[in-house]
Amino acid sequence: MRTSHRDVATAVYRDYQELPISNCQLIKFAVISEEEARKKTLEVVRPLPARKLWISKSLDFFAAEDHFARLPLPAFDNSAMDGYAVMASSCKKGQRLRVISEQPAGFDRELSVSSGEAVRIFTGAPMPVGADAVIMQEDVTRDGDEIVINTDVEAGEFVRRRGCDLAEGQRILAKGERIRAATAALLASQGFTEVTVGDEVNASIISTGDELVKPGKKIKAGQIYDSNSPLLGALLQHCRAIVKSVEHCRDERESLIEAIKRGSENHILIISGGVSVGEHDLVKAALCDLGAQIDIWRVAIKPGKPFLFGHVPQSAPSPQSSPSGRERRTQSAGEGSVLGSECLVFGLPGNPVSAFVTFLQFVRPAILKMMGATDLDLPQMPAKLTVDLTNDSDRAHYIRGKLEHGRFTPVGRQESHALFGLSQSNALLRLALGQSLKAGDIVEVQIWD
Ligand code: AMP
Ligand code: MG
């Protein structure tokens with residue numbers, strides 16, 4: 001059957017009638033692809049200003065500038081063992097050497113060694129002039145002032161040469177790189193006490209839903225415990241964002257408006273639930289009342305289609321006195337740290353797996369970009385698929401599974417409510433629209449654990 005223009009117009013009109021949107025610029029929201037959603041989100045996100053941090057506090061921040069070596073590593077030729085510093089050319093198995101002095105670590109006594117001589121030396125101590133090898137103490141027999149060598153000796157043995165690990169001036173940390181334990185150690189090895197990093201992201205969470213009860217309280221028929229607040233809190237902490245507030249809000253427009261106002265004092269606000277198309281999904285309406293600009297609503301991703309992204313003025317005025325969102329956005333652009341003095345809003349579908357997947361695909365990259373990271377992707381790894389899989393849905397499908405010993409196996413029910421299955425998984429496999437895979441195929445999986 002053919003569809004006339006009139007039918008389409010009526011369908012669009014009905015669609016808007018069904019949506020609880022009022023007092024809002026009527027943006028035509030088409031379902032967009034994941035790639036487009038990610039691009040649109042990242043276009044809006046700006047890195048936060050850089051700051052200096054003590055190295056001991058810098059783990060998992062991202063460097064805001066390149067850092068270079070001030071010193072070579074090792075900084076001087078030194079011994080890799082407790083033993084005896086010698087001239088290798090004068091050492092043969094069975095030979096006797098005279099021990100002329102001792103060189104401990106920590107103070108260069110500026111000793112020198114000639115043929116037939118040895119200096120007692122300790123790990124990390126500077127090599128005496130003329131010595132080009134160290135014999136381990138286990139490979140000699142001490143006899144008063146002398147040693148007998150029990151092994152052949154080669155030049156360079158057990159000597160750590162100046163600069164063999166790192167040259168002076170070499171880049172030790174690139175802008176946008178994550179600071180890991182070893183990075184912190186490397187910075188300290190150069191005498192740095194501080195490192196310049198992108199600032200951290202302040203986030204707030206609102207879980208919406210009349211059915212939700214806080215864990216610890218008594219539950220009545222028809223109610224469920226709020227599991228998205230801890231889920232999102234943990235995911236935020238995983239990205240090193242600071243969780244400033246966690247609130248539960250009923251499906252009630254005025255309460256939502258007040259909660260969003262409080263939450264939008266931070267860089268980002270994550271709202272769980274209430275972004276779908278039912279009468280109780282009031283997040284869009286509340287955001288529009290506050291003059292928010294909604295950039296994305298609905299993405300071709302499974303689970304997670306109702307995903308929403310927008311931005312709201314941080315000091316949101318009351319709905320009655322507010323001009324349109326677009327006007328206020330222009331007024332505030334250029335101030336503050338993210339997008340003028342605005343708060344980025346991510347509306348995630350309430351089903352736990354949908355919230356999880358959309359957080360990882362859209363919120364995580366935005367947070368990382370704000371913190372100044374270069375690599376915004378989840379770590380990926382090739383794995384052998386253990387079962388046949390086909391995506392016959394209308395969207396890209398993220399399959400939850402277990403990656404173990406290089407093999408990926410889907411776990412649990414692949415539905416958006418199936419929290420237990422999610423809890424048993426450690427990786428995601430993206431099945432593109434219409435894609436079919438066979439057991440034994442090598443696939444790229446995203447690791448989130
Ligand atoms: P919604 O996106 O609000 O339509 O919610 C979709 C489904 O997710 C419903 O079954 C909700 O009960 C459930 N849900 C919403 N919020 C939460 C939450 N915070 N914790 C657990 N389940 C939730
Ligand atoms: Mg709901």
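These values consider heavy atoms only, across backbone and side chains, with no hydrogens, waters or symmetry-generated copies. FYI, the numbering just counts along the sequence from 1. Note that ligands are numbered from 1 as they come in the structure, with each ligand's atoms numbered from 1 the same way.
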Hey, is ligand 1 close enough to G350 that some N/O pair sits below 3.5 Å? yes
Atoms of ligand 1, numbered as shown, that sit under 4.0 Å from any heavy atom of N351: 6 (C), 7 (C), 8 (O)
R413/E415 salt bridge by N-O under 4.0 Å criterion: yes
Is S229 close to ligand 1, meaning an N/O of one under 3.5 Å from an N/O of the other? no
So does R262 pair up with E247, basic N to acidic O under 4.0 Å? yes
F192 six-ring face occupied by R70 cation (under 6.0 Å, within 45°): yes
So is there a nitrogen or oxygen of G274 less than 3.5 Å from a nitrogen or oxygen in ligand 1? yes
Can you tell which part of V275 has a heavy atom less than 4.0 Å from ligand 1: side chain, backbone, both or neither? neither
I want to know if ligand 1 touches D226 in the polar sense, i.e. an N/O pair below 3.5 angstrom. yes
For ligand 1, is there an atom lying under 4.0 Å from some heavy atom of S227? yes
Between N228, N351, T208, which is the residue that forms a side chain to side chain donor-acceptor pair (under 3.5 Å) with S272? N228
Taking the basic N atoms (NZ, or NE/NH1/NH2) and the acidic carboxylate oxygens, is any pair closer than 4.0 Å for R430 and E35? yes
